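Here the structure comes first, spelled out in structure tokens, and everything after it is commentary.
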Amino acid sequence: MDKVYQPSGENKIYELWEKSGAFTPTIDKSKKPFSIILPPPNANEPLHAGHALYVVEDIMVRYHRMLGDPTLWLPGTDHAGIETQFVYEKHLKAEGKSRFDFDRDTLYKLIAEYVNKNRDIAVNQMKRLGFSMDWTRERFTLDEAHNQRVFAVFKKMCDDGLVYRDEKIVNYCTFCGTAFSNLEVVHKTVNSHLWYINYGPLEVATTRPETLLGDTAVAVNPSDPRYKKLIGTTITLPLIGRQIPVIGDDSVSSEFGTGAVKVTPSHSPEDYDMAKKHGLEFIRIFDYDGKANSNVVDKKYIGLFPNQLREAVVADLETAGLLTKTVDYTHEVGHCYKCGRPIEPITAPQWFVKIKPLAEKAIDVVKKDKVKIFPARFKKDFLTWMKDIRDWPISRQIVWGHRIPVWYNLDENPDILVSYIDANGKNISDYWKNLKDKYQEVALGLQTLLAPINSKHYLSLDEAKKVGPNVLQETDTFDTWFSSGQWPYSTLGWEPDGNHSEDFKYFYPTSVLDTMWDILFFWVARMIMMGVYVTGEIPFKVAHMHSRVLDGKGQKMSKSKGNTINPLSIVEAHGADALRMALVIGVAPGSDIALSEDKIRAQRNFVNKIWNASRFVMMTLDKFPDAKFDLPKKLTNASDQEIIDKLTKIITSTTSNIEKYKFGQASDDLYQFFWHDFCDVYLESTKDRGVEIVPVLTHVLVTSLKLLHPFIPYITETVYQELLPKIGGEEKLLISSSWPR
RNA sequence: GACCGCUUAGCUCAGUUGGCUAGAGCAUUUCAUUGACAUUGAAAAGGUCAGUGGUUCAAGUCCACUAGCGGUCACCA
């Protein structure tokens, strides 16, 4: 044995485990299973330091496996809809191309090729980190089986009246070309102005003067004495001269601005609500590419982007003497979480899920701790968010994802707007009624279609075709979370026809779901809602939230700061065990994790300490070839007794800490026990003693290896394999050995 | 605007339901060492546990307020 532990043998150990079948559980109905579904990493990128925290799951999984529970850790990768398409579009841009250069199917195929090339990277890295996942059950979010389940659930939701289509205000990013849910909008503080504009008999104050062109009313508080008598009258909209009513609405505060609000129902959520209430007209002045359309009336405004339009409108108001004052004003503006540009609230036909019925059940199971959220403070966050939840827009105008399984017969819907690339490679956008003889060309080059809200649609291609041959499938895809929200039951083999797999029957509900708190609402909440709705059962009993991995100074890792730590280069340099231990030792549940080179080096030293302590024990064994290994019933030596007592204590505390998800405490205690109590004190004390030390020495070492194995599986298994020929024993692999009691 | 978290040794952090002279790693100082390990050992130094007030026999731990930092959610013009 070398004087220094070389982690280069870790790959061989992993192969040993995998070949042994230890990762694959045997269903045994007399035993209680333990199961974790891996939060699937994006298939399009290598792992980052955060992914290395899968170690928390590996700790639980290895612990339960050693307890003898049939233990399943099911791995997979995520197609990550918008994320991946965004990354791919960057590649396209580098080649001087864009998504508009391709028809839908071609673009999809290109992204799929790209993802397939990169998928294995993440998988191999997870293996390298020692994660004991059952690769025989590996899944991908675009597996055909998963797709079919997602589609079946969509159909079920349609049948149950939970899915509807509506043209509401949505968060739209004109650059990314898609709608987003509220969660995907980042609010940023913006220093702007409040513009006071003369509307004739009254004055309004606004942060968005450009949307004036889409105003369809002015609202005041009905009890405001200044404006009371104006309610019901009509005033003239500046610049374009349209007549709009003055309405009274309680939501208007008399104190803010002038107490009068311009109402732009197509570009403001509050105004949208007001317009629905008062039956106002909707005038959408921006198209989905972000440019002003013909509704702005004046030709010089057409084609301008919002910021350009603002400048133009403000200038024109000033010229006309209608801008009474401009004051500085700081407020929050929604921005696209992906590209960072301002979100344009805009009315657009989208698919929605009625969320209240699902949310109520989710609230119930969390309140009653049927799904226990850990650490507990996240429970409050969850319930607060869930209480005020809004309907979920599930359609995204991107190609990379599950295409919504809805078909339109074009001849029934002549006003469907289709965008396609024609035979000459030209981008065309026109209504079907103008394209009637071009079905083949449209279908072949189809990019997107935009169906008016009342379009007739079918939930199967065959049905749509019964009416006639000119059929197109919806081009929107599902929000990624609509698909990944179904991940637990889908990966285990829930079937729409009720003919569920043995895996599903045995392993569902799963035991623990571990993920970072930043996707508590995005993912955990959706899984709970979907799981309860679809299967009638919770998807997991415990939602364990871990924290963010930060750099050594406690700062967020980012490429621009250059402080990212690549987990794989750490593994190359110091071994997976050092990284794993550094990620968990001394970390309190749910608190941030500062990961530094120093910390990793310290843990590498610990791994080496284990190596050398084991070397010492083996040298001792060589010294006493005739030694027996059975522990005597009664220990006569005080230091023997002391180390055995401490061992008993550490077994108890480690077990209880793992059960309570206190991995930081458990690993810290083990570190102290092994290095201080065992090495520095006990091993030193044995150096001048005889053969009688062998049973205690080997017992404590083997037990320590077992306790440490969930945290640092490679070194412990490596040492165990070296030790085994010398001490014999029934248990051939540490990974499948029994947990000390 | 609402809610949440953090503030403990030079640095990064532990400290479970309040209970021994407040701990670890790294860094620092001194010494040791051909003997399992220099990726080592022994020892030392280092903290009014953010501040103020309160509850208690007892507070880093519970309560209130203050200050600083960080975060999450949110349709106000």
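Just so you know, these numbers come straight off a predicted model, no measurement behind them. Below, chains carry the letters A, B, ... as their sequence lines are ordered, and counting in each starts from 1. Only this structure's heavy atoms are used, side chains among them; waters, hydrogens and symmetry mates stay out.
Set against A24(B), A36(B), U40(B), the side chain of Lys687(A) has A36(B) as its closest nucleotide. Of the candidate nucleotides U72(B), U39(B), A36(B), U72(B) has the atom nearest to the side chain of Trp517(A). Listed nucleotides G71(B), A14(B), G41(B) differ in distance to Trp675(A); the shortest reach to its side chain belongs to G41(B). Residue Tyr671(A) places its side chain closer to G25(B) than to any other of G25(B), C3(B), U40(B). Proximity note for Ala588(A) (side chain, C-beta onward) versus A14(B), C73(B), A36(B): the nearest is A14(B).
Nucleic acid contact for Gln603(A): none, since no nucleic acid atom lies under 4.0 Å from a heavy atom of the residue. Within 4.0 Å of Thr384(A), counting heavy atoms only, lies no atom of the nucleic acid at all. Across all strands, Asp592(A) comes closer than 4.0 Å to no nucleic acid atom at all (heavy-atom distances). The residue Asn608(A) sits close to a base: some heavy atom pair falls under 4.0 Å.
The same atom, P, is picked in U72(B) and in A64(B); the two are 25 Å apart, to the nearest Å. Distance noted for atom C1' between C69(B) and U30(B): 38 Å (whole Å). Here the separation of U48(B) from A44(B), taken at their C1' atoms, is 23 Å to the nearest Å. To the nearest whole angstrom, the two P atoms, one in A67(B) and one in A74(B), are 27 Å apart. Using atom P as the reference point in both A42(B) and G47(B), the two lie 24 Å apart (nearest Å).
Taking side-chain N and O atoms only, Asn605(A) has a distance below 4.0 Å to OP1 or OP2 of U40(B). Listed pair Lys188(A) / A74(B) fails the phosphate criterion, with no side-chain N or O lying under 4.0 Å from OP1 or OP2. Between Lys3(A) and C37(B) there is a side-chain N or O to OP1 or OP2 distance below 4.0 Å.
No side-chain N or O of Asp514(A) forms a donor-acceptor pair with one of Tyr661(A) less than 3.5 Å apart.
With a 4.5 Å cut-off on side-chain heavy atoms, Thr718(A) and Trp611(A) count as touching.
Using Watson-Crick or G-U wobble geometry with both donor-acceptor distances under 3.5 Å, A24(B) finds its partner in U12(B). The nucleotide C57(B) finds its pairing partner in G19(B), both defining distances of the Watson-Crick or G-U wobble pair being shorter than 3.5 Å.
More than 12 heavy atoms of other residues, nucleotides or ligands sit less than 6.0 Å from atom NZ of Lys277(A).
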